[in-house]
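The structure appears right after this line, and notes come after that.
A, B, ... follow the sequence lines: proteins, then strands. Residue 1 opens every chain.
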Amino acid sequence: MSDPDDTTLREASVYERIYAITGQIPRGRLASYGQIAAIEGRCTPRMVGYAMAAVGQREVPWQRVINSRGTVSDRRHGGGTNRQRRLLESEGVVFDRAGRVDFHIFGWAGPDWEWLEVNGFYPAPVPGQAGRKLT
DNA sequence: CTTTTGACGCGTA
DNA sequence: CTACGCGCCAAAA
């Protein structure tokens, strides 16, 4: 039942939906795998990790997705984590001595209301900002 | 069709 | 704080 007038990403593949959401993260802000998954609505945080590992040459700001502990996740096959951290630091993200970032400062509040509505997604809570009042 | 391949999160000890 | 265990599953080959 695919409606040709449906311009949302409802019928898109899970990975494409994940990439679309990730593409909304602004420079210098961060989202967790779980946060993206919650917005996507039907996948698990782990799926988001799988999708990030498969971005390839797509123009997606994959570096802005980190784990819920606020650290850059390790790869199965060596390096890459260091490159991710450098990319983030070049966007202004600050890591503490333990290599962690503060979601209260750099956390992304999620796509704006209209984007979610137009693309057929649903709002989701933000790590470290649960109950944060919307302004 | 089957097999392989991975950048998570949370609870518990 | 660390170290497990365990559920999670779409894509590409």
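Take the nearest nucleotide of DNA chain B for A:His77 and for A:Ile66: the residue whose nucleotide is more 5' is A:His77. For A:Gly34 and A:Tyr15, each mapped to the nucleotide of DNA chain B holding its nearest heavy atom, the one lying further toward the 5' end belongs to A:Tyr15.
Residues forming a side chain to side chain contact (heavy atoms under 4.5 Å, CB included) with A:Asn67 (at least two apart in sequence, or on another chain): A:Tyr33, A:Arg69, A:Thr71, A:Ser73. Judged as a salt bridge (charged side-chain N to carboxylate O under 4.0 Å, His left out), and not counting sequence neighbours, A:Glu117 has no contacts. Shown here are the salt bridge (charged side-chain N to carboxylate O under 4.0 Å, His left out) partners of A:Arg58, two or more places apart in sequence or in another chain: A:Glu16. Every residue meeting the side chain to side chain contact (heavy atoms under 4.5 Å, CB included) condition with A:Arg75, not counting sequence neighbours, appears here in chain and number order: A:Trp62, A:Val72, A:Thr81, A:Gln84. With sequence neighbours left out, the side chain to side chain donor-acceptor pair (under 3.5 Å) criterion links A:Arg27 to no other residue. Contacts of A:Asp96 classified as side chain to side chain contact (heavy atoms under 4.5 Å, CB included), with partners at least two apart in sequence or in another chain: A:Ala98, A:Arg100. For A:Arg97, there are no salt bridge (charged side-chain N to carboxylate O under 4.0 Å, His left out) partners at least two apart in sequence or on another chain.
Counting non-hydrogen atoms under 4.0 angstrom, A:Arg85 reaches nothing in the nucleic acid. Nucleic acid contact class of A:Ser13 (heavy atoms, under 4.0 Å, all strands): sugar-phosphate only. Across all strands shown, A:Arg76 has heavy atoms under 4.0 Å from sugar-phosphate atoms exclusively, and none from any base.
Expressed to the nearest 0.5 Å, how far CG of A:Leu30 lies from CG of A:Leu88 amounts to 5.5 Å.
Taking atom P in both B:dG9 and C:dC1, one finds a spacing of 16 Å when rounded to whole Å. Separation of the P atoms belonging to C:dC6 and B:dT5 is 22 Å when rounded to the nearest angstrom.
Of all nucleotides in DNA chain C, those with any atom nearer than 4.0 Å to a heavy atom of chain A start and finish, going 5' to 3', at C:dC1 to C:dA11. Taking every nucleotide of DNA chain B with any atom under 4.0 Å from a non-hydrogen atom of chain A, the first and last of them, 5' to 3', are B:dG6 to B:dC10.
Among residues at least two apart or in separate chains, salt bridge (Lys or Arg N to Asp or Glu O under 4.0 Å) pairs with a member in residues 81-93 of chain A are A:Arg64-A:Glu91, A:Arg85-A:Glu89.
DNA chain C lies under 4.0 Å from at least one heavy atom of each of the following residues of residues 44-53 of chain A: A:Thr44, A:Arg46, A:Met47, A:Tyr50.
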Mind listing the side-chain donor-acceptor pairs of residues 44-57 of chain A below 3.5 Å, one per line with the distance, residues two or more places apart or on another chain?
unit_1	atom_1	unit_2	atom_2	d
A:Thr44	OG1	A:Met47	N	3.4
A:Arg46	NE	A:Tyr50	OH	2.9

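Considering all non-hydrogen atoms of both residues, A:Leu9 and A:Ala20 come closest at CD1-CB, 3.3 Å.
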